[in-house]
Amino acid sequence: MPACRCALLAAVLAVSFAPAAAYPWGATGHRLVTTVAIENLPPDLPAFLKAPGTLASLGELAREPDRSKGAGTSHDHDLDPGHYLDLGDSGLIGDGLPLDPLPPDREAYDSALRRLGLTEYRAGYLPYSIIDGWQQVRKDFAYWRATVAAARGADTAEARRWFDEDRRLREMILLRDIGYWSHFVADGSQPMHVSVHYNGWMDYPNPDGYTQARGIHARFEGRYVAEHVDHETLVASLQPPQDLGCGIEAWTAGYLRETNREIVPLYRLEKSGAFDDAGTAGGTGFAAARLAAGAAAIRDLVAAAWRCSADDKVGYPPVDVKEIDAGRVVPLEALRGRD
(Lines give C-alpha, C1' and ligand atoms only; values in the text may rest on other atoms or scores of the structure.)
Protein backbone atom coordinates (compact mmCIF):
# COMPACT_ATOMS: atom_id res chain seq x y z
CA MET A 1 0.00 0.00 0.00
CA PRO A 2 1.31 3.53 -0.73
CA ALA A 3 2.23 6.04 1.95
CA CYS A 4 -0.33 6.79 4.67
CA ARG A 5 -3.43 8.55 3.37
CA CYS A 6 -2.93 11.33 5.91
CA ALA A 7 -0.30 12.68 3.51
CA LEU A 8 -3.14 13.63 1.14
CA LEU A 9 -4.08 16.76 3.06
CA ALA A 10 -0.53 18.08 2.94
CA ALA A 11 -0.23 17.31 -0.75
CA VAL A 12 -3.53 18.96 -1.59
CA LEU A 13 -2.76 22.06 0.45
CA ALA A 14 0.54 22.41 -1.36
CA VAL A 15 -1.15 22.76 -4.75
CA SER A 16 -1.22 26.39 -5.79
CA PHE A 17 -4.90 26.64 -6.73
CA ALA A 18 -7.62 28.83 -5.31
CA PRO A 19 -8.51 28.06 -1.66
CA ALA A 20 -11.75 26.31 -2.70
CA ALA A 21 -9.68 23.56 -4.32
CA ALA A 22 -7.94 22.62 -1.08
CA TYR A 23 -10.64 20.35 0.30
CA PRO A 24 -12.75 17.35 -0.76
CA TRP A 25 -15.21 18.43 -3.48
CA GLY A 26 -14.11 21.99 -2.71
CA ALA A 27 -16.31 24.65 -1.14
CA THR A 28 -18.36 25.00 -4.31
CA GLY A 29 -19.02 21.28 -4.65
CA HIS A 30 -20.12 20.74 -1.06
CA ARG A 31 -22.39 23.78 -1.08
CA LEU A 32 -24.01 22.63 -4.33
CA VAL A 33 -24.49 19.01 -3.29
CA THR A 34 -26.15 19.71 0.05
CA THR A 35 -28.23 22.63 -1.22
CA VAL A 36 -29.63 20.62 -4.14
CA ALA A 37 -30.33 17.65 -1.84
CA ILE A 38 -32.36 19.71 0.63
CA GLU A 39 -34.18 21.61 -2.11
CA ASN A 40 -35.39 18.29 -3.48
CA LEU A 41 -36.53 16.65 -0.24
CA PRO A 42 -39.98 15.03 -0.45
CA PRO A 43 -42.89 17.23 0.70
CA ASP A 44 -43.72 15.05 3.72
CA LEU A 45 -40.59 16.17 5.60
CA PRO A 46 -40.80 18.97 8.22
CA ALA A 47 -41.13 22.42 6.69
CA PHE A 48 -38.41 23.99 8.85
CA LEU A 49 -35.80 22.18 6.73
CA LYS A 50 -36.63 24.54 3.86
CA ALA A 51 -37.28 27.71 5.86
CA PRO A 52 -35.79 31.00 4.52
CA GLY A 53 -32.05 31.03 5.11
CA THR A 54 -31.87 27.34 5.96
CA LEU A 55 -30.54 26.23 2.58
CA ALA A 56 -27.63 28.65 2.74
CA SER A 57 -26.82 27.58 6.31
CA LEU A 58 -26.86 23.89 5.41
CA GLY A 59 -24.62 24.56 2.43
CA GLU A 60 -22.06 26.19 4.72
CA LEU A 61 -22.38 23.51 7.39
CA ALA A 62 -21.58 20.92 4.73
CA ARG A 63 -18.09 22.46 4.54
CA GLU A 64 -17.49 22.25 8.28
CA PRO A 65 -15.62 18.90 8.44
CA ASP A 66 -13.00 20.42 6.13
CA ARG A 67 -12.93 23.84 7.73
CA SER A 68 -12.13 22.27 11.10
CA LYS A 69 -8.99 20.58 9.76
CA GLY A 70 -5.85 21.82 11.42
CA ALA A 71 -7.48 21.98 14.86
CA GLY A 72 -4.76 19.79 16.32
CA THR A 73 -2.83 16.55 15.96
CA SER A 74 -5.28 14.36 17.88
CA HIS A 75 -8.32 15.95 16.21
CA ASP A 76 -7.01 15.58 12.66
CA HIS A 77 -5.50 12.12 13.08
CA ASP A 78 -8.78 10.77 14.44
CA LEU A 79 -11.20 12.52 12.06
CA ASP A 80 -9.42 12.80 8.69
CA PRO A 81 -9.77 9.06 7.85
CA GLY A 82 -13.54 9.48 8.11
CA HIS A 83 -13.47 11.20 4.70
CA TYR A 84 -12.21 8.27 2.62
CA LEU A 85 -12.03 4.53 2.03
CA ASP A 86 -9.12 2.78 0.32
CA LEU A 87 -10.73 0.27 -2.01
CA GLY A 88 -8.22 -1.63 -4.12
CA ASP A 89 -8.58 -2.72 -7.72
CA SER A 90 -9.94 -6.00 -6.36
CA GLY A 91 -12.92 -4.12 -4.87
CA LEU A 92 -11.73 -5.06 -1.38
CA ILE A 93 -10.71 -2.73 1.43
CA GLY A 94 -6.95 -2.96 1.69
CA ASP A 95 -7.20 -5.71 -0.94
CA GLY A 96 -8.44 -8.11 1.74
CA LEU A 97 -11.66 -7.04 3.50
CA PRO A 98 -15.01 -7.19 1.66
CA LEU A 99 -17.04 -4.00 1.58
CA ASP A 100 -20.27 -5.97 1.97
CA PRO A 101 -21.17 -7.05 4.52
CA LEU A 102 -19.48 -4.35 6.56
CA PRO A 103 -18.45 -5.25 10.11
CA PRO A 104 -21.18 -4.02 12.48
CA ASP A 105 -19.16 -1.17 14.02
CA ARG A 106 -15.81 0.58 13.83
CA GLU A 107 -14.24 -1.58 16.54
CA ALA A 108 -15.00 -4.76 14.59
CA TYR A 109 -13.91 -3.04 11.36
CA ASP A 110 -10.59 -1.97 12.85
CA SER A 111 -10.01 -5.44 14.29
CA ALA A 112 -10.62 -7.01 10.87
CA LEU A 113 -8.19 -4.57 9.24
CA ARG A 114 -5.52 -5.22 11.85
CA ARG A 115 -5.56 -8.87 10.87
CA LEU A 116 -4.51 -7.63 7.42
CA GLY A 117 -1.76 -5.42 8.82
CA LEU A 118 -3.85 -2.24 8.47
CA THR A 119 -6.00 -0.01 10.67
CA GLU A 120 -9.09 2.12 10.09
CA TYR A 121 -6.76 5.13 10.24
CA ARG A 122 -4.84 3.92 7.18
CA ALA A 123 -7.67 2.37 5.17
CA GLY A 124 -10.24 5.04 6.11
CA TYR A 125 -13.65 4.59 7.68
CA LEU A 126 -15.95 6.59 5.38
CA PRO A 127 -18.77 3.98 5.48
CA TYR A 128 -19.10 4.51 9.21
CA SER A 129 -19.10 8.29 8.87
CA ILE A 130 -22.16 7.85 6.64
CA ILE A 131 -23.90 5.19 8.75
CA ASP A 132 -23.19 6.74 12.16
CA GLY A 133 -24.30 10.17 10.96
CA TRP A 134 -27.51 8.75 9.50
CA GLN A 135 -28.35 7.01 12.76
CA GLN A 136 -27.87 10.32 14.59
CA VAL A 137 -30.14 12.19 12.17
CA ARG A 138 -32.81 9.49 12.54
CA LYS A 139 -32.65 9.87 16.34
CA ASP A 140 -32.77 13.66 16.00
CA PHE A 141 -35.95 13.35 13.94
CA ALA A 142 -37.45 10.99 16.52
CA TYR A 143 -36.95 13.58 19.26
CA TRP A 144 -38.41 16.30 17.04
CA ARG A 145 -41.50 14.17 16.38
CA ALA A 146 -41.83 13.49 20.11
CA THR A 147 -41.64 17.12 21.21
CA VAL A 148 -44.12 18.26 18.54
CA ALA A 149 -46.62 15.54 19.44
CA ALA A 150 -46.13 15.96 23.19
CA ALA A 151 -46.79 19.71 22.97
CA ARG A 152 -50.17 18.92 21.41
CA GLY A 153 -51.07 16.60 24.27
CA ALA A 154 -49.60 18.61 27.15
CA ASP A 155 -52.15 19.46 29.87
CA THR A 156 -50.30 22.42 31.41
CA ALA A 157 -48.86 25.64 30.04
CA GLU A 158 -45.50 24.83 31.66
CA ALA A 159 -45.30 21.47 29.89
CA ARG A 160 -46.25 22.99 26.54
CA ARG A 161 -43.63 25.68 26.98
CA TRP A 162 -40.94 23.10 27.74
CA PHE A 163 -41.86 20.99 24.71
CA ASP A 164 -41.92 24.06 22.45
CA GLU A 165 -38.47 25.13 23.66
CA ASP A 166 -37.15 21.60 23.20
CA ARG A 167 -38.56 21.50 19.65
CA ARG A 168 -36.65 24.68 18.78
CA LEU A 169 -33.49 23.15 20.21
CA ARG A 170 -34.08 19.94 18.26
CA GLU A 171 -34.39 21.94 15.05
CA MET A 172 -31.05 23.62 15.68
CA ILE A 173 -29.44 20.25 16.36
CA LEU A 174 -31.01 18.68 13.27
CA LEU A 175 -29.75 21.40 10.96
CA ARG A 176 -26.25 21.12 12.37
CA ASP A 177 -26.20 17.34 12.25
CA ILE A 178 -27.64 17.10 8.72
CA GLY A 179 -25.29 19.77 7.37
CA TYR A 180 -22.15 18.33 8.97
CA TRP A 181 -22.95 14.71 8.10
CA SER A 182 -23.95 15.53 4.52
CA HIS A 183 -20.28 16.32 3.86
CA PHE A 184 -19.30 12.67 4.23
CA VAL A 185 -22.16 11.41 2.06
CA ALA A 186 -20.95 13.80 -0.63
CA ASP A 187 -17.35 12.61 -0.19
CA GLY A 188 -18.66 9.14 -0.96
CA SER A 189 -19.65 10.21 -4.48
CA GLN A 190 -16.11 11.32 -5.42
CA PRO A 191 -14.24 8.31 -6.91
CA MET A 192 -10.86 9.34 -5.52
CA HIS A 193 -12.34 9.21 -2.00
CA VAL A 194 -13.08 5.50 -2.33
CA SER A 195 -9.96 4.24 -4.09
CA VAL A 196 -6.29 3.60 -3.46
CA HIS A 197 -5.75 5.81 -6.55
CA TYR A 198 -6.71 8.85 -4.53
CA ASN A 199 -4.29 11.41 -5.93
CA GLY A 200 -2.61 10.00 -9.01
CA TRP A 201 -2.47 6.29 -9.91
CA MET A 202 0.47 5.82 -7.54
CA ASP A 203 2.47 2.61 -7.02
CA TYR A 204 0.11 0.14 -8.71
CA PRO A 205 0.12 -1.64 -12.07
CA ASN A 206 -0.57 1.07 -14.64
CA PRO A 207 -0.58 -0.40 -18.18
CA ASP A 208 -2.75 2.43 -19.53
CA GLY A 209 -0.40 5.12 -18.31
CA TYR A 210 -2.76 7.06 -16.08
CA THR A 211 -1.39 10.21 -14.49
CA GLN A 212 0.83 10.06 -11.43
CA ALA A 213 0.45 13.80 -10.86
CA ARG A 214 -0.26 14.42 -7.19
CA GLY A 215 -2.45 17.45 -7.95
CA ILE A 216 -5.25 15.65 -9.79
CA HIS A 217 -7.40 15.24 -6.66
CA ALA A 218 -7.63 18.95 -5.91
CA ARG A 219 -7.72 19.99 -9.56
CA PHE A 220 -10.74 17.81 -10.37
CA GLU A 221 -12.93 18.32 -7.33
CA GLY A 222 -12.03 21.91 -6.57
CA ARG A 223 -11.16 24.27 -9.39
CA TYR A 224 -12.72 22.20 -12.17
CA VAL A 225 -16.06 21.85 -10.38
CA ALA A 226 -16.10 25.52 -9.43
CA GLU A 227 -15.51 26.59 -13.04
CA HIS A 228 -17.61 24.05 -14.95
CA VAL A 229 -20.54 22.81 -12.81
CA ASP A 230 -23.42 25.00 -11.67
CA HIS A 231 -26.72 24.50 -9.86
CA GLU A 232 -28.75 23.94 -13.01
CA THR A 233 -26.31 21.37 -14.41
CA LEU A 234 -26.35 19.42 -11.17
CA VAL A 235 -30.15 19.46 -10.89
CA ALA A 236 -30.46 18.23 -14.48
CA SER A 237 -28.27 15.23 -13.55
CA LEU A 238 -30.25 14.32 -10.42
CA GLN A 239 -31.73 10.82 -10.41
CA PRO A 240 -35.31 10.11 -9.18
CA PRO A 241 -35.81 9.44 -5.45
CA GLN A 242 -35.31 5.95 -4.00
CA ASP A 243 -36.87 4.45 -0.87
CA LEU A 244 -33.84 3.23 1.07
CA GLY A 245 -35.72 1.63 3.95
CA CYS A 246 -34.21 1.59 7.44
CA GLY A 247 -31.29 -0.80 7.03
CA ILE A 248 -28.81 1.43 5.23
CA GLU A 249 -25.63 -0.58 5.84
CA ALA A 250 -25.92 -2.65 2.64
CA TRP A 251 -27.05 0.44 0.71
CA THR A 252 -23.97 2.34 1.92
CA ALA A 253 -21.67 -0.43 0.75
CA GLY A 254 -23.38 -0.43 -2.65
CA TYR A 255 -23.16 3.36 -2.93
CA LEU A 256 -19.42 3.35 -2.29
CA ARG A 257 -18.88 0.38 -4.59
CA GLU A 258 -20.66 2.18 -7.43
CA THR A 259 -18.51 5.26 -6.86
CA ASN A 260 -15.36 3.16 -6.90
CA ARG A 261 -16.34 1.81 -10.33
CA GLU A 262 -15.94 5.35 -11.66
CA ILE A 263 -12.25 5.60 -10.80
CA VAL A 264 -11.01 4.23 -14.16
CA PRO A 265 -13.45 6.42 -16.19
CA LEU A 266 -12.18 9.42 -14.21
CA TYR A 267 -8.54 8.68 -15.02
CA ARG A 268 -9.39 8.01 -18.66
CA LEU A 269 -11.08 11.40 -18.88
CA GLU A 270 -8.11 13.07 -17.21
CA LYS A 271 -5.74 11.42 -19.68
CA SER A 272 -7.84 12.77 -22.57
CA GLY A 273 -7.58 16.33 -21.21
CA ALA A 274 -11.23 16.51 -20.14
CA PHE A 275 -10.35 18.25 -16.86
CA ASP A 276 -7.94 20.80 -18.33
CA ASP A 277 -8.76 24.48 -17.91
CA ALA A 278 -11.02 24.62 -20.96
CA GLY A 279 -12.74 21.39 -19.98
CA THR A 280 -14.91 19.22 -22.20
CA ALA A 281 -18.54 18.20 -22.26
CA GLY A 282 -17.46 14.75 -21.12
CA GLY A 283 -15.56 16.12 -18.17
CA THR A 284 -18.36 18.43 -17.13
CA GLY A 285 -20.95 15.68 -17.48
CA PHE A 286 -18.86 13.30 -15.40
CA ALA A 287 -18.32 15.82 -12.59
CA ALA A 288 -22.00 16.80 -12.58
CA ALA A 289 -23.09 13.15 -12.45
CA ARG A 290 -20.82 12.46 -9.49
CA LEU A 291 -22.04 15.53 -7.61
CA ALA A 292 -25.64 14.60 -8.43
CA ALA A 293 -25.06 11.09 -7.05
CA GLY A 294 -24.02 12.70 -3.76
CA ALA A 295 -27.03 15.03 -3.74
CA ALA A 296 -29.43 12.16 -4.46
CA ALA A 297 -27.86 10.12 -1.68
CA ILE A 298 -28.25 12.92 0.86
CA ARG A 299 -31.84 13.56 -0.25
CA ASP A 300 -32.82 9.90 0.01
CA LEU A 301 -30.95 9.28 3.27
CA VAL A 302 -32.58 12.28 4.99
CA ALA A 303 -36.00 11.10 3.78
CA ALA A 304 -35.26 7.60 5.09
CA ALA A 305 -34.11 8.95 8.45
CA TRP A 306 -37.36 10.93 8.77
CA ARG A 307 -39.62 8.00 7.91
CA CYS A 308 -37.70 5.50 10.05
CA SER A 309 -37.75 7.86 13.03
CA ALA A 310 -41.49 7.19 13.45
CA ASP A 311 -40.59 3.72 14.74
CA ASP A 312 -37.89 4.90 17.16
CA LYS A 313 -37.87 5.37 20.93
CA VAL A 314 -36.84 8.51 22.82
CA GLY A 315 -36.06 9.57 26.36
CA TYR A 316 -35.37 7.55 29.50
CA PRO A 317 -36.97 5.22 30.21
CA PRO A 318 -37.42 4.83 26.43
CA VAL A 319 -40.86 5.75 25.07
CA ASP A 320 -42.22 4.75 21.65
CA VAL A 321 -42.59 7.75 19.36
CA LYS A 322 -45.82 6.21 18.04
CA GLU A 323 -47.29 6.18 21.54
CA ILE A 324 -46.50 9.88 21.91
CA ASP A 325 -47.82 10.71 18.46
CA ALA A 326 -51.08 8.88 19.23
CA GLY A 327 -51.55 10.95 22.39
CA ARG A 328 -51.37 7.96 24.72
CA VAL A 329 -48.23 9.25 26.45
CA VAL A 330 -47.04 12.78 27.31
CA PRO A 331 -43.41 12.01 28.23
CA LEU A 332 -42.35 15.15 30.08
CA GLU A 333 -40.22 13.34 32.65
CA ALA A 334 -38.77 10.90 30.12
CA LEU A 335 -37.60 13.77 27.88
CA ARG A 336 -36.75 16.41 30.48
CA GLY A 337 -35.10 13.96 32.87
CA ARG A 338 -36.13 12.87 36.33
CA ASP A 339 -33.04 14.08 38.14
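Quantities reported herein were computed from a predicted structural model and do not represent experimental measurements.
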*Asks:* If you round to the nearest 0.5 Å, how far is CZ of Phe184 from OG1 of Thr252?
*Replies:*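 Going from the OG1 atom of Thr252 to the CZ atom of Phe184 covers 14.0 Å.
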*Asks:* Could you check whether any side-chain heavy atom of Leu174 comes within less than 4.5 Å of a side-chain heavy atom of Tyr143, counting everything from C-beta outward?
*Replies:*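 Side-chain contact under 4.5 Å: no.
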*Asks:* Quick check: Tyr128 with Tyr109 (ring centres under 6.0 Å apart)?
*Replies:*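 Under 6.0 Å, so yes.
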*Asks:* Hydrogens and angles aside, do Thr233 and Asp230 bring a side-chain donor and acceptor to less than 3.5 Å of each other?
*Replies:*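 Checked: Thr233/Asp230 side chains pair up, N/O donor to acceptor below 3.5 Å.
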*Asks:* To the nearest 0.5 Å, tell me how far Ile298 CD1 sits from Thr35 OG1.
*Replies:*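 One gets 9.5 Å once the value is rounded to the nearest 0.5 Å.
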*Asks:* Less than 3.5 Å apart, any donor N or O on the side chain of Ser182 or Thr34 sitting next to an acceptor on the other?
*Replies:*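 Yes, a side-chain donor-acceptor pair sits under 3.5 Å.
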*Asks:* Does Asp78 have any side chain to side chain donor-acceptor pair (under 3.5 Å) partners at least two apart in sequence or in another chain, and if so, which?
*Replies:*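 Only Tyr121 meet the side chain to side chain donor-acceptor pair (under 3.5 Å) criterion with Asp78.
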*Asks:* Run the salt bridge (charged side-chain N to carboxylate O under 4.0 Å, His left out) test against Arg145 and tell me which residues pass, sequence neighbours left out.
*Replies:*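 None.
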*Asks:* Taking the basic N atoms (NZ, or NE/NH1/NH2) and the acidic carboxylate oxygens, is any pair closer than 4.0 Å for Arg160 and Asp155?
*Replies:*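 No, Arg160 and Asp155 are not salt-bridged.
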*Asks:* Could you tell me if the ring centre of His30 sits under 6.0 Å from that of His183?
*Replies:*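 For His30 and His183, the ring centres are under 6.0 Å apart.
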*Asks:* Who passes side chain to side chain donor-acceptor pair (under 3.5 Å) against Arg176, sequence neighbours left out?
*Replies:*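 Arg176: no side chain to side chain donor-acceptor pair (under 3.5 Å) contacts found.
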*Asks:* Going by ring-ring contact (aromatic ring centres under 6.0 Å, His included), name the pairs with one or both residues in residues 290-331, residues two or more places apart or in two chains.
*Replies:*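 ring-ring contact (aromatic ring centres under 6.0 Å, His included) check on residues 290-331 returns Phe141-Trp306, Trp144-Trp306.
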*Asks:* Considering only heavy atoms from C-beta outward, does the side chain of Asp89 approach that of His197 to under 4.5 Å?
*Replies:*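 The answer is yes, as the side chains (C-beta and beyond) meet within the 4.5 Å cut-off.
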*Asks:* Can we say Asp277 and Arg223 salt-bridge, meaning some charged N sits less than 4.0 Å from an Asp/Glu carboxylate O?
*Replies:*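 Counted as a salt bridge, because a side-chain N and a carboxylate O are separated by less than 4.0 Å.
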*Asks:* Applying side chain to side chain donor-acceptor pair (under 3.5 Å), can you list everything that pairs with Lys322, at least two apart in sequence or on another chain?
*Replies:*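 Side chain to side chain donor-acceptor pair (under 3.5 Å) list for Lys322, sorted by chain: Asp311.
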*Asks:* Is any side-chain N of the basic residue among Glu60 and Arg63 closer than 4.0 Å to the acidic one's carboxylate O?
*Replies:*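 Salt bridge: yes.
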*Asks:* Side-chain contact test, heavy atoms from C-beta onward, threshold under 4.5 Å: evaluate it for Val319 versus Leu335 and give yes or no.
*Replies:*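 Contact flag for Val319/Leu335 side chains = no.
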*Asks:* Answer yes or no: is there an ion pair linking Lys313 with Asp320, defined by an N-O contact shorter than 4.0 Å?
*Replies:*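 Yes, charged N to carboxylate O under 4.0 Å.
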*Asks:* Looking at residues at least two apart in the chain, or sitting in another chain, which of them share a side chain to side chain donor-acceptor pair (under 3.5 Å) with Glu323?
*Replies:*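 Partners of Glu323 under the side chain to side chain donor-acceptor pair (under 3.5 Å) test: Arg328.
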*Asks:* Can you measure from CG (Leu116) to CG (Leu97) and round to the nearest 0.5 angstrom?
*Replies:*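 Leu116 atom CG to Leu97 atom CG measures 6.5 Å (nearest 0.5 Å).
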*Asks:* Go through the side-chain N and O atoms of Gln136 and Asp132 and say whether any donor and acceptor fall under 3.5 Å apart.
*Replies:*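 No - no donor-acceptor pair under 3.5 Å links their side chains.
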*Asks:* Using a strict cut-off of less than 4.0 Å between a Lys/Arg side-chain nitrogen and an Asp/Glu carboxylate oxygen, indicate whether Asp325 and Arg152 qualify as a salt bridge.
*Replies:*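 Counted as a salt bridge, because a side-chain N and a carboxylate O are separated by less than 4.0 Å.
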*Asks:* Would Asp110 and Arg114 pass as an ion pair if we require N to O under 4.0 Å?
*Replies:*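 Result for this pair is yes, salt bridge flagged.
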